[in-house]
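Chain letters run A, B, ... following the sequence lines, proteins first and then strands; every chain starts at 1.
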Amino acid sequence: GAVVSQHPSRVICKSGTSVKIECRSLDFQATTMFWYRQFPKKSLMLMATSNEGSKATYEQGVEKDKFLINHASLTLSTLTVTSAHPEDSSFYICSATTGERRYSNQPQHFGDGTRLSIL
Amino acid sequence: AQSVTQLDSHVSVSEGTPVLLRCNYSSSYSPSLFWYVQHPNKGLQLLLKYTSAATLVKGINGFEAEFKKSETSFHLTKPSAHMSDAAEYFCVVSDTGSQGNLIFGKGTKLSVKP
């Protein structure tokens with residue numbers, strides 16, 4: 001149980017294009033989803049927290065117009081990297097929880113990540 | 001504020017020998033502590049968690065960790081390493097009773113030699 005599917009697993013695209021990454025909870029309703037970014041040989045940095053039906057909460061330093069997050073249903077959240085540039089290349093990981101708030105006691109379940117490469 | 005320090009960026013062991021991955025934390029509250037494993041180009045899998053119950057926590061794949069408040073440590077151990085244990089390991093701290101506000105350590109890469 002508690003499976004989170006992230007798609008695509010890898011994407012390579014040209015600079016200036018927009019890329020959408022999907023995060024789905026397959027067997028539970030994810031009230032809250034998190035988006036992380038992981039640089040090579042670095043830890044995970046939380047980018048934003050999204051709750052179904054409301055605007056995402058972005059961490060300090062994360063451009064909300066650059067990284068668009070939509071949590072339209074209880075099983076799907078999307079991250080769109082707009083006008084991507086080589087510096088946006090990274091490994092992006094989502095997680096999902098049944099908790100209603102960021103400070104819930106419910107565990108986070110992680111997707112397998114998306115390797116984004118911008119040429 | 002919470003923080004976590006993983007003392008070794010890379011640990012190398014031989015197959016069949018013990019594993020020790022070190023983690024120290026800082027927290028203003030009674031923390032919840034976790035160890036996650038990440039295989040290459042994969043997401044994170046929870047190995048074990050401490051949430052103020054027993055100080056010795058047993059996880060999956062033979063791993064365990066001991067919460068030592070006096071030393072502010074939560075080291076991860078395994079008696080005998082297997083080749084499949086080679087991966088990146090993250091020590092994570094969170095607020096009391098909270099699993100939504102996770103603070104990640106920088107990770108320790110475990111290599112296992114045959």
Student: Could you tell me which portion of A:Q6 (side chain, backbone, both or neither) has an atom closer than 4.5 angstrom to a non-hydrogen atom of chain B?
Tutor: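 The answer is neither part of A:Q6.
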
Student: Are B:F67 and B:V19 linked, directly or through other ILVMFWY residues, by side chains that come within less than 4.5 angstrom of each other?
Tutor: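 Cluster IDs for B:F67 and B:V19 match.
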
Student: Within a 6.0 Å radius of atom NE2 on B:H39, are there more than 12 heavy atoms belonging to other residues, nucleotides or ligands?
Tutor: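 Enclosed.
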
Student: Do A:V62 and A:I118 share a hydrophobic cluster (ILVMFWY, side-chain heavy atoms under 4.5 Å, transitive)?
Tutor: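 In one cluster with A:V62: A:I118, yes.
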
Student: Would you give the length of the straight line joining atom OH of B:Y36 to atom CD of A:Q108, rounded to the nearest 0.5 angstrom?
Tutor: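 B:Y36 OH to A:Q108 CD: 6.0 Å, rounded to 0.5 Å.
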
Student: Measuring from atom CG of A:D112 to atom CD of B:Q45, what distance do you get when rounded to the nearest 0.5 angstrom?
Tutor: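 Rounded to the nearest 0.5 Å, the CG-CD separation comes to 10.0 Å.
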
Student: Is there a chain of hydrophobic side chains (I, L, V, M, F, W, Y, each step under 4.5 Å between heavy atoms) that links B:F63 to B:V93?
Tutor: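 Yes, same cluster.
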
Student: Relative to chain B, which segment of A:I93 carries a heavy atom at a distance below 4.5 Å: side chain, backbone, both, or neither?
Tutor: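 Just its side chain gets close to chain B.
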
Student: When rounded to the nearest 0.5 angstrom, what is the spacing between CG in B:L44 and OH in A:Y36?
Tutor: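 Going from the CG atom of B:L44 to the OH atom of A:Y36 covers 9.0 Å.
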
Student: Got more than 12 heavy atoms from elsewhere within 6.0 Å of NZ, A:K55?
Tutor: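 No, NZ of A:K55 has 12 or fewer neighbouring heavy atoms, counting only those of other groups under 6.0 Å.
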
Student: Closest approach of B:Q38 and A:F91, non-hydrogen atoms and distance?
Tutor: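 Heavy atoms of B:Q38 and A:F91 come nearest at NE2-CE2, 3.6 Å.
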
Student: Test of understanding: clusters of I, L, V, M, F, W, Y form through side-chain heavy atoms closer than 4.5 Å, transitively. Do A:L44 and A:L79 belong to the same one?
Tutor: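 In one cluster with A:L44: A:L79, no.
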
Student: Provide the closest heavy-atom pair for B:F104 versus A:S43 in the form atom of the first, atom of the second, distance.
Tutor: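 Nearest heavy atoms, B:F104 then A:S43: CB-OG, 3.0 Å.
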
